[in-house]
Structure formats: C-alpha cells, structure tokens
Amino acid sequence: MLPVLVTAALLIWALAVAAIDWRQRRVPNLLLLAILLPAVGMLVWQAKGPLGVAWLSSLMGMVAAMLVTLPGYFVSRLGAGDVKLAAVMGLVQGWPSVAWTLLASALILGAMSFAVVLHLGIANARLVRIPAAVALAAGFAVVLLWQGGGWQ
C-alpha cells in the first residue's frame, strides 16, 4: 500500500503543475526535477520508484508517454513542458498505469476543449491555447486516487 504522504506529495505536485500551467502556460523544469530526481534515485538504489513500480515498468511508462505526446509537440499542439511532464509521470507511474493517466488526461482535455467551444464558439475557440498540463496533471491525480494507493 502506498504511504499516504507519498500520495499527498504527488497530488500537491500535480496541483502545483496545473496551477502554474493554468496561469503561465508553462511547466517549470524545476517542478519536474522535484519529482524526477527522487524517482530516479529510488529506481537506482531500490530498483523501485516512489509508487513501488520496478525500473523496467518505469522505463516503459516514460517511453510510452513520450511516444504518445511527442506527435502533439511536433504539430505544435503540445509544448515541450507537456511532453516532459508526461515522461516524468510515466517514469513515476510505470506501465500500464500511465496509459490510464493518458486516457483520463485526453478525456479531460476534450472536456476542456468542448467547454471553450461552448463558451466562445468554434471560430473563436481556435484561437485559444488550452493548458494541456492541467489535463495531464488532473488525469494523473484521478488515476492516483482511483488506484487507491495500491500499485501491485
């Protein structure tokens, strides 16, 4: 069972990422490093990350998240911070949990886009840059809470 403090720390981190991206439309590298460095350290010394995920699963999760988000970056729909955020979440969650996070994030981003279209109309909505890290962080939080702390 995942300790409550680790869950709380990850939820606070996700909230901070979402809040900064909402206001500034950027994901600070320092915020990503705050989770990446301890996660990598745990993987190196314990062969398991903060959520108890083995290093191979962590690596697979990071690669999968990058493969899913990089095309969005290449067509200028996602920023580099969004791709790096997804990679860090993949490393922390591992495979297949990150797949659920990406699915939840896509649904949340779709709902955010729909709300913008309803509010502004389709022509004006095309001009709006929706903060994707908000959806990624929300999807991460949803899956973290949904799994109830158990990562077996």
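For this chain, numbers begin at 1 and follow the sequence in order.
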Legend entry - Within one Ile-Leu-Val-Met-Phe-Trp-Tyr cluster: W22 and L85, side-chain cutoff 4.5 Å: no
Inset, instruction - Check for a donor-acceptor pair, side chain of R129 on one end and backbone N or O of R25 on the other, with a separation under 3.5 Å. - result: no
Inset, instruction - Identify the heavy atoms of D82 and G79 that sit nearest to each other, and give their distance. - result: OD2-N, 2.9 Å
Legend entry - Connected via hydrophobic side-chain network under 4.5 Å: M112 and V143: no
Inset, instruction - Go through the steps for L102 and L136 under the test side-chain contact (heavy atoms from CB on, under 4.5 Å), then give the verdict. - result: CA-CA 7 Å; L102 293 170; L136 286 166; 4.1 Å; yes
Inset, instruction - Please list, chain by chain and in numerical order, all residues satisfying side chain to side chain contact (heavy atoms under 4.5 Å, CB included) with L11, sequence neighbours excluded. - result: T7, A141, L144, L145
Legend entry - Transitive ILVMFWY side-chain link V134 to L103, under 4.5 Å: no
Legend entry - Close side-chain approach of M62 to L59, heavy-atom, < 4.5 Å: yes
Show every donor-acceptor pair shorter than 3.5 Å between a side-chain atom in residues 40-52 and any protein atom, with sequence neighbours excluded, or say none if there are none.
none

Legend entry - Hphob cluster co-occupancy, V88 + L37, side-chain heavy atoms under 4.5 angstrom: yes
Inset, instruction - Count the heavy atoms belonging to other residues, nucleotides or ligands that lie under 6.0 Å from CD1 of I122, then report whether that count exceeds 12. - result: no
Legend entry - Option from T101, L109, I108 for which side-chain contact (heavy atoms from CB on, under 4.5 Å) with S105 holds: T101
Inset, instruction - Take atom CE of M66 as the centre, draw a 6.0 Å sphere, and report whether it contains more than 12 heavy atoms from other residues, nucleotides or ligands. - result: no
Legend entry - Under the side chain to side chain contact (heavy atoms under 4.5 Å, CB included) test, residues paired with A64 that sit two or more places apart: W95
Inset, instruction - Go through the structure and list residues passing ring pair (Phe, Tyr, Trp, His ring centres under 6.0 Å) with W100, not counting sequence neighbours. - result: W146
Legend entry - Cluster link L56 to V53, ILVMFWY, side chain under 4.5 Å: yes
Inset, instruction - Nearest 0.5 Å please: distance from the CE atom of M60 over to the CH2 atom of W55. - result: 10.5 Å
Legend entry - Nearest heavy atoms of A86 and A65, plus distance in Å: O-CB, 3.1 Å
Inset, instruction - Quick one: list whatever passes side chain to side chain contact (heavy atoms under 4.5 Å, CB included) with N29, sequence neighbours left out. - result: L32, K84
Atom pairs and distances, side-chain donor-acceptor, residues 12-21, under 3.5 Å, sequence neighbours left out:
unit_1: W13; atom_1: NE1; unit_2: L31; atom_2: O; d: 2.8
unit_1: D21; atom_1: OD1; unit_2: R26; atom_2: N; d: 3.0
unit_1: D21; atom_1: OD2; unit_2: A133; atom_2: N; d: 3.1

